[in-house]
Amino acid sequence: MTDTYSPSRSSSFLSSRLSVLGTPLSTARRSTTSVGSSLYGAGSGEEKIVLDIGTHTVRAGFSGDSQPLYQGALFGSYSKRGQMGLLEGATTGIDVTSVDDATLDVLVLEQLRQVFSEHLLADARARKVAVCEGALLPVRVKRAVARVLLGNLRVPLVTFYPSAVTALMTSGKACGLVVDCGHRGAAVVPVFDGRVMSACIASSPMGGAVLAGYIQGLVRRHGRFRRFGSDSDECVDGVLTLPIVEFIMRKLLFAAPQTLEDVARAEDEWPWVRLAVDTPNGRGELRVPQWLRCRTYELLLEGDSGRDYAGIISALMECIIRVPVDLRRVLVARVAVVGGVADMPGFSKQLIYELNMRLQREERWLALAKCVSLAEEPTAGAVFRPSDRPWIGASLAVAAKIGGVDVRRDDFDGYNVPDWTSSY
Amino acid sequence: MSSELDSGSQLGVLYYCPCSGCMRTTDAPVKASKQKREFAELAEECRAPLDISTQEQLAVLRTWPIEKLYYCDDCSEVRCPHCVIEEPAGYHCPNCTFDVPTASVRSEKNSCARNCFHCPVCTHVLVVVVVESTQGDGGQSCSVLSCAVCMWDSREIGWEFETSTGISAQIERMRTGGPAVKEYASLLDYWRTVQRTASATAAGNHGLTSSASFKHRLTSAGLHGSTTSVDSLPPYKAACYVDSGAELTEDFKALEDANMIPFNGDPRTKEPQRVRLHMKLSRRCRMCHHILIKPESKAHNSRFKIQLLAANFLPTITFPNTLPAPKARGSLLEHLNTTPLRVGSTAPVVLRFTNPLYTEMDVSVDVGELDAAQTDVLAPRFTLPPFAELWEYDEDEDDSSLASPSASSSGRGSGKRGIIHQHGNQIAIQLDVTPRAQTQKLTIPLCITCTHLDDMAEMDTSDTSTPRRIVNTFWAYVSLGMVN
């Protein structure tokens with residue numbers, strides 16, 4: 001299904017579309033009833049549970065809702081246990097690739113049990129589940145999720161939806177280029193006609209984890225810390241804990257082009273941002289330069305040549321080159337930026353701008369550069385948060401009864417999840 | 001009385017549940033017997049199922065303190081929180097402790113329908129107060145939400161309510177769908193139309209079932225034989241527009257004081273959040289579907305109708321710090337378990353077993369193979385007396401059992417070698433541990449077998465002559481702390 005329509009059939013379909021939507025009054029009524037399908041008790045048990053298990057956050061909720069009920073850190077409840085505390089509580093960022101299958105099973109089990117019993121308040125055996133999976137989700141994790149849902153929690157049916165397709169659905173498109181900027185890295189996924197073109201996926205390690213490392217390094221070099229009541233600045237090292245770095249990353253950063261003059265100024269002329277922090281030795285004030293807030297995103301886009309990390313723009317170029325020639329124009333005109341890192345204000349705009357600049361550098365891409373634009377603009381703007389889009393799209397797909405890949409409890413033997421890497 | 005070491009120290013005992021996660025999708029308990037056989041073999045060979053030194057992460061997740069384990073008396077086996085089936089058994093609001101019927105849980109989006117809100121500034125619970133209205137003509141009273149801790153008021157965001165009850169309903173009426181909800185509704189309409197058109201076209205052209213052709217669209221599996229139909233719907237037009245530059249205001253860019261931004265939670269909403277409901281869970285055994293835990297359905301009642309805990313069926317193992325002296329002797333046995341562990345030197349470790357049953361229990365303790373230390377259990381087999389009320393214990397009994405002919409008259413008499421102390425339904429035994437290597441946390445696996453006669457069998461079977469013998473074998477991981 002493409003977005004263009006042939007003129008000969010336009011009139012009939014236009015009228016049929018209008019008849020579907022109806023007059024403005026009934027549109028308004030229709031919108032409240034479709035919203036109210038969950039408010040007015042018409043949840044007849046047809047609603048499925050929609051899960052989005054990413055590398056850093058879990059989102060869970062019911063289909064037909066416009067936002068997830070719960071979102072929280074993945075494996076956040078995995079902490080010190082027992083009298084002995086055999087494992088020092090690492091609450092976030094457990095590297096999924098470093099644990100073996102049995103441990104992964106148990107981690108996913110605990111996470112999903114907590115989601116079902118504390119946040120969704122649902123009986124797992126009574127509801128079907130739809131899982132929104134990222135393009136580069138390891139098959140082990142997919143298997144573990146299927147095992148836990150079908151085996152331990154006894155869910156009757158699990159349906160998998162590719163997150164790139166669902167993200168585009170929130171803009172009303174079925175083709176486009178999805179840039180998923182997550183915690184572990186960024187993946188550029190081309191989607192055409194509602195299907196992921198898996199052979200053309202490109203990825204970059206520039207994600208939330210790497211960004212946190214950069215912020216830590218920059219604040220350590222250029223930040224200042226002063227304890228309340230003292231006159232002199234102290235070393236920042238001991239003060240920079242993980243929650244503070246996360247706070248800076250999530251709440252203070254934004255993406256906007258800034259001139260070089262800001263950085264080139266003398267250090268005591270920089271404008272600063274102040275933040276009160278707690279340290280083991282007392283409270284103090286951490287000062288972070290303003291230019292750090294608006295320039296750090298460039299590292300993600302451009303890459304780190306010192307460590308040989310390709311930037312997001314390079315991954316985009318790689319993907320565009322891989323995509324068949326006739327589709328490039330269509331895809332590049334619909335770029336959707338989703339993921340946790342993309343929540344940064346102004347990030348998607350800057351990404352489009354940088355892509356445009358990069359394309360204009362070479363003669364062969366000049367024509368393509370003119371077509372670059374975001375999938376959702378200019379009609380919708382930023383109605384949904386970029387990190388919620390895959391979940392919202394999956395909720396839409398389930399509510400509109402658009403099928404995904406089903407796995408039934410009877411057919412599943414513990415290993416046979418649908419796997420695009422092996423079925424090509 | 002004796003004092004136990006607090007849970008923050010390095011000594012502790014964790015019990016292992018051999019359920020391996022219970023990921024089977026079939027209901028047939030075919031493999032249960034195979035698992036039991038494997039487990040029994042391991043127990044015979046004294047090989048611990050989990051090697052703590054290499055499988056630390058898994059050990060944390062599969063071993064539990066005894067307070068967290070359940071016991072199915074039908075199957076006579078231990079069950080852990082992973083292998084029980086959880087079911088909802090009632091919903092209530094933690095703030096107003098009102099029971100919520102199941103049907104309204106979903107319709108109220110898992111939040112309390114009454115006046116329970118969290119303050120957006122300090123997350124304390126808000127109270128409804130009647131104040132004078134600032135809108136319209138002064139002097140009219142209205143209700144507002146106010147926080148008793150940080151003095152935040154809902155008038156700061158312009159929320160004033162006519163009545164003091166049913167605040168959530170009034171709020172819902174006030175904000176009938178922001179842009180996200182409207183946009184979602186219009187997208188849903190669009191995609192429903194697409195799906196209907198696609199299925200109609202497909203049915204017309206190829207005679208396939210309705211969702212089949214569109215189903216292929218969302219799989220990542222290659223191309224299909226049928227040509228993709230070109231749907232001629234006009235492109236989607238959004239219902240709402242929110243400026244994407246709205247967040248990037250000049251104020252935000254020039255922010256100087258980051259303390260204004262709340263540390264947790266969404267900085268965009270300064271609205272009070274509704275209190276989320278809690279769900280009571282009842283738990284069933286996976287094999288026989290027996291109910292193990294059933295709470296009272298009333299919210300304010302925190303008792304349980306059915307409560308089958310492992311601590312009521314298996315002996316609890318603890319590390320005593322001091323043991324009370326028997327009446328006849330003078331000295332108090334103290335400073336137990338305080339000897340620091342060093343490589344090569346033998347340290348005595350005292351473990352206390354407590355029998356929760358009303359019948360006698362025969363316990364046998366075997367040590368699993370371990371390279372890091374050599375352990376001698378001085379009392380590998382002993383019998384735990386039954387549990388009885390405190391006043392039924394006769395202090396002299398302890399002395400007489402210990403003062404057997406071979407016992408010395410010193411304060412530390414032992415009728416049987418290895419048993420340090422015996423009081424009521426508790427026995428303290430001694431292990432001699434000789435560490436062989438330096439390690440941060442020395443953990444010893446113990447295989448413990450308890451046998452007792454089942455006095456309940458008389459009610460079930462007509463043959464009362466031979467009550468059932470119930471044998472429970474389980475592995476306990478005893479952690480002893482650092483070895484220098």
Side-chain angles (χ1 to χ4, degrees), chain A residues 1-3 5-6 9 13 20 31 34-35 41 43 66 81-84 86-87 99 102-103 105-106 109 117 121 123 147 150-152 161-162 165 172 193-196 198 247 251-252 254 273-276 345-346 379-384 396 399-405 409 412 420 423, chain B residues 7 12 14 21-25 56-61 65 82 86 88 105-107 110 177 179-185 187-188 190-193 195 211 214-215 217-221 228 230-238 240-244 247-248 255 257-259 261 279 281 479:
Chain A
M1 178 212 34
T2 59
D3 301 332
Y5 55 98
S6 49
R9 296 157 83 175
F13 273 99
V20 159
S31 58
S34 59
V35 161
S66 56
R81 274 236 263 112
Q83 289 172 319
M84 307 193 265
L86 272 179
L87 201 70
V99 297
T103 319
D105 274 351
V106 181
L109 170 64
S117 64
L121 301 188
D123 188 9
R147 267 205 286 258
L150 295 168
N152 196 305
Y161 289 91
V165 178
D193 199 23
R195 274 170 293 180
V196 171
S198 356
F247 176 77
K251 307 281 170 64
L252 289 183
F254 62 93
V273 179
R274 299 188 313 270
L275 177 66
T379 48
V383 178
F384 301 123
L396 272 172
K401 298 206 185 5
I402 295 177
V405 184
R409 180 133 61 91
F412 183 63
W420 60 264
S423 60
Chain B
S7 55
L14 290 183
C22 293
M23 305 289 184
R24 287 179 300 119
T25 49
E56 256 204 65
Q57 282 178 332
L58 197 56
V60 175
L61 301 164
H82 287 168
E86 290 179 345
V105 169
R106 185 68 201 100
S107 62
N110 298 6
V181 174
K182 289 205 193 96
E183 179 72 11
Y184 183 87
L187 276 167
L188 190 56
Y190 176 74
W191 285 109
R192 277 193 177 138
T193 324
Q195 169 68 343
S211 61
F214 206 81
K215 208 170 174 181
R217 299 188 185 259
L218 288 184
T219 63
S220 324
T228 56
V230 176
D231 287 355
S232 316
L233 283 174
Y236 172 72
K237 285 242 179 315
C240 313
Y241 179 76
V242 170
D243 186 14
S244 50
E247 273 190 37
L248 205 51
L255 184 73
D257 191 3
N259 298 313
I261 304 176
M279 179 166 76
L281 289 169
S479 179

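Residue numbers start from 1 in every chain, and the chains themselves are labelled A, B, ... in the order their sequence lines are given, proteins ahead of strands. Since we're looking at a predicted model, the values are computed, not measured.
- With hydrogens and angles ignored, the 3.5 Å screen pairs no side-chain donor or acceptor of B:E183 with any backbone N or O of A:F384.
- The minimum heavy-atom distance linking A:K401 with B:Q195 is given by the pair O-NE2, 3.0 Å.
- The CG atom of A:D123 lies 7.5 Å from the CE atom of B:M279; values are rounded to the nearest 0.5 Å.
- Taking both residues in full, the closest heavy atoms of B:H82 and A:V106 are given as CE1-CG1, 3.1 Å, listed atom of the first, atom of the second, then distance.
- Heavy atoms closer than 4.5 Å to chain A are found in both the backbone and the side chain of B:L187.
- The shortest heavy-atom contact between B:L188 and A:A400 is CD1-N, 3.9 Å.
- The two residues B:A180 and A:S66 have their closest heavy-atom pair at O-CB, 4.2 Å.
- Between the CG atom of A:L121 and the CG atom of B:N110 there is a distance of 4.5 Å, given to the nearest 0.5 Å.
- Considering all non-hydrogen atoms of both residues, A:A399 and B:Y184 come closest at CB-OH, 4.2 Å.
- Taking both residues in full, the closest heavy atoms of B:W191 and A:I402 are given as CE3-CD1, 4.0 Å, listed atom of the first, atom of the second, then distance.
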